[in-house]
Trainee: 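Can you read through this structure? Questions will come right after.
Small disclaimer: the values here were computed from a predicted structure and weren't measured. These values consider heavy atoms only, across backbone and side chains, with no hydrogens, waters or symmetry-generated copies. All residue numbers in this chain count up from 1 along the given sequence.
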Amino acid sequence: FKEDGSVCCKDVMVALEQPGRGDQADWYGTVSAAVGIEMEAGHKYRLMLADGRAGEFMVRRNTSAGPQDRAISIRGLGPLK
């Protein structure tokens, strides 16, 4: 979801890393999405996972991963719960 609550993409693959440092809410990952997905570096979004967890994140980079796909690097902004 974008900051205004609108959906920017759905049914995309997300690879997450949660280093697990005690009670700190530190997570990051990569969203694999089709070219044309409007997720801009420096903007905040909300992630909702299929297992029910959700959290806010900031886009770090949105780079090409081939002619059809984008690799969007994200960093969590608080807990993923």
Side-chain angles (χ1 to χ4, degrees):
F1 293 99
K2 294 181 181 179
E3 289 180 276
D4 66 4
S6 63
V7 175
C8 63
C9 62
K10 63 186 218 176
D11 298 326
V12 295
M13 188 166 84
V14 180
L16 293 177
E17 293 289 334
Q18 291 180 283
R21 295 184 219 159
D23 60 355
Q24 291 183 341
D26 187 27
W27 58 277
Y28 57 92
T30 303
V31 176
S32 297
V35 170
I37 295 295
E38 296 180 20
M39 292 178 72
E40 297 178 43
H43 289 256
K44 284 194 262 183
Y45 299 88
R46 181 162 180 81
L47 175 68
M48 294 185 69
L49 299 173
D51 66 6
R53 293 181 294 161
E56 290 190 347
F57 66 91
M58 180 83 67
V59 172
R60 295 175 59 191
R61 285 186 306 282
N62 186 339
T63 58
S64 177
Q68 301 286 324
D69 296 321
R70 305 292 297 172
I72 304 166
S73 175
I74 63 174
R75 172 63 117 194
L77 300 174
L80 182 60
K81 55 183 181 175

Trainee: Nearest 0.5 Å, please: how far is OG1 in Thr30 from CZ in Arg61?
Mentor: 8.0 Å
Trainee: Any chance you could measure Glu56, atom CD, to Arg46, atom CZ, to the nearest 0.5 Å?
Mentor: 6.0 Å
Trainee: Contact between Ile74 and Val31 at the side-chain level, heavy atoms closer than 4.5 Å - yes or no?
Mentor: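 Counting from C-beta outward, Ile74 and Val31 do come under 4.5 Å.
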Trainee: If you define the side chain from C-beta out and look only at heavy atoms, does anything of Tyr28 sit under 4.5 Å from Leu16?
Mentor: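 No, too far: nothing below the 4.5 Å cut-off.
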Trainee: Any idea which heavy atoms bring Lys44 and Glu3 closest together, and the distance?
Mentor: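 Residues Lys44 and Glu3, closest heavy atoms: O-CG, 3.2 Å.
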Trainee: Would Met13 end up clustered with Leu49 when hydrophobic side chains under 4.5 Å apart are linked, directly or stepwise?
Mentor: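 Not linked; separate clusters.
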Trainee: Work out which heavy atom in Gly42 is nearest to a heavy atom in Met58; give both atom names and the distance.
Mentor: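 Distance-wise, the nearest heavy atoms are O-SD, 3.0 Å.
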Trainee: Considering non-hydrogen atoms only, spot the tightest contact between Gly55 and Leu80 and give its length.
Mentor: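 For Gly55 versus Leu80, the nearest heavy atoms are N-CD1, 3.7 Å.
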Trainee: Please tell me if the side chains of Trp27 and Leu47 come closer than 4.5 Å, counting only heavy atoms from C-beta onward.
Mentor: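 Yes, side chains in contact.
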Trainee: Just how far is it from atom NE2 of His43 to atom SG of Cys8, taken to the nearest 0.5 Å?
Mentor: 11.5 Å
Trainee: Less than 4.5 Å apart, side chain to side chain, heavy atoms only: is that true for Phe57 and Arg75?
Mentor: no
Trainee: Shortest non-hydrogen contact from Ile72 to Ala33?
Mentor: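 Closest approach of Ile72 to Ala33: CD1-CB, 4.1 Å.
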